[in-house]
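Let me begin by presenting the structure, written as C-alpha cells, before commenting on it.
Just follow the structure's listing: the first ligand is 1, and inside any ligand the first atom is 1. Quick note: numbers below take in every heavy atom, side chains included, and nothing from hydrogens, waters or symmetry partners. Note that the structure is a prediction, hence the values are computed from the model and not measured.
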Amino acid sequence: MTNLRSRLHGLWLPLVTPFHDGELDDASLRRLVRHYAALPVNGMILTATTGEGLTLAPQETARLVAIVRDELTSSGKDLPVCLGLSGSDTRALLDTLRRTAAWPIDGYLISCPYYSRPTQDGMIRHFRALADQAAHPVLIYNIPYRTGVNLGNEAMLQLADHHNIVGLKDCCADRAQFIELLRRRPARFAVLTGEDAQTWDALADGADGAILASAHIETGAFASVVKLLAAGDRDGALIHWRTISDLTKLLFSEPSPAPIKYWLWRTGLIDSPELRLPMTEVSSELAARLDRDIAARTSATAPAPAGAHCQ
Ligand SMILES: O=C(O)C1=N[C@H](C(=O)O)C[C@H](O)C1
C-alpha cells in the first residue's frame, strides 16, 4: 500500500454506498468506482458519513472494500483508499482495527467518539490507543455537529505528534479554530476540509485538500478549484467555484447522502436512490429541484435513464 501522508492533498471522494432492495448493490458500486477512477480524484474514503458506514454489517464492509480495490486495480488507477470508522467504544474499535489490518486499504478515517461526550484527555487517549494499534495510518475526523464533541487544537496538536496519525478531516465549522490549527500544525500533519459549502475559504486559508461528498457531481470542477487554488491561480479557481458553490448547498439541503444518491440514480450511475433507515430518500419537493438542476447541467449530455422518475 501507499505512503498515505504523501497522498493527502487534492480532491478526495467519500464514496456513497449503493443499495438495491435492501442489499449492497455490487453492480452499481463497480460502475461508480470505474466512473470516478477516470476522473481527477486523488483518493477515496469508504463507509464514512456519505458511505452510510454505520448501517453496514462487517461482511458487507469487507465485500465493499474488496470490490472497490478490484475495480481500481482493473482501471489501472493506484488511488489511496481510507476506511471510515466511527464508534464510542475504544475496545470495540481496537477489535475492528485488528479485524481489518490485512484489508487492501491505505488508512483509516476515524471520527471522534459520539454521544458520550468525553473530555479532551479522554479523546487524546482514545486516538492514541487506536493509532498505536492500527496497521494503517490514521486520519482524525473532527465533526462536532454530528458527534457532539469538538476536538480542540491543543488536543489535536498533541495527537499530531503521534507517528501513526497523519492528518485531519476538518468539519469543526469554526474558521478561527481551523486557521489557528493550520498555523500551528507540524508539516507532517495534513489538514483537509470536509465542509463542502466552506471549501473555498478552507483552501484559501491553506488546507491541503478537500474530502467532499458534493464532488460526486461536477467532479472535474471541484478538482479544478482545489488544484488551481493550490497553484495560486485564484481567478482561474473562481471561474469553476462559481459553477458549483450553490450545488454544495443544494446537495445538503436535506440529510446527506440522500440528495446525492437521487442525483446519481437519475443520471444512471446507480440503480436505486435507496438509503438504509433511519436515513430516507429526498422529499418530492427536493426531487423536483434536483431534477431541474440535473436538466440544466446535463442538457448537453445524456437524458435520465429509462425507468427513472420523479417521486
Ligand atoms: O462522508 C464524508 O466523509 C463526508 N462527510 C461530511 C458530512 O456528511 O457531514 C461532508 C463531507 O462532504 C464528506
Only distances under 3.5 Å count here; give the side-chain donor-acceptor pairs of residues 17-24 to other protein atoms, sequence neighbours excluded, each with its distance to 0.1 Å.
from, atom 1, to, atom 2, distance (Å)
Thr17, OG1, Gly51, O, 2.7

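- Side-chain contact between Pro14 and Thr49 is absent, with no heavy-atom pair separated by less than 4.5 Å.
- Under the rule for a ring-ring contact (aromatic ring centres under 6.0 Å, His included), the partners of Tyr108 that lie at least two apart in sequence or sit in another chain are His136.
- Sorted by chain and number, the residues within 4.0 Å of ligand 1 by heavy atom are Pro14, Ala48, Thr49, Thr50, Tyr141, Ile143, Tyr145, Arg146, Lys169, Gly194, Asp196, Ile211, Leu212, Ala213, Phe252.
- Gln198 is linked by a side chain to side chain donor-acceptor pair (under 3.5 Å) to nothing, counting only residues two or more places apart in sequence or in another chain.
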Ring pair (Phe, Tyr, Trp, His ring centres under 6.0 Å) between Tyr36 and His216: does it pass, once the steps are laid out?
CA-CA 8 Å; Tyr36 292 112; His216 280 85; 5.5 Å; yes
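- The distance between the ring centers of Phe127 and His162 does not fall below 6.0 angstrom.
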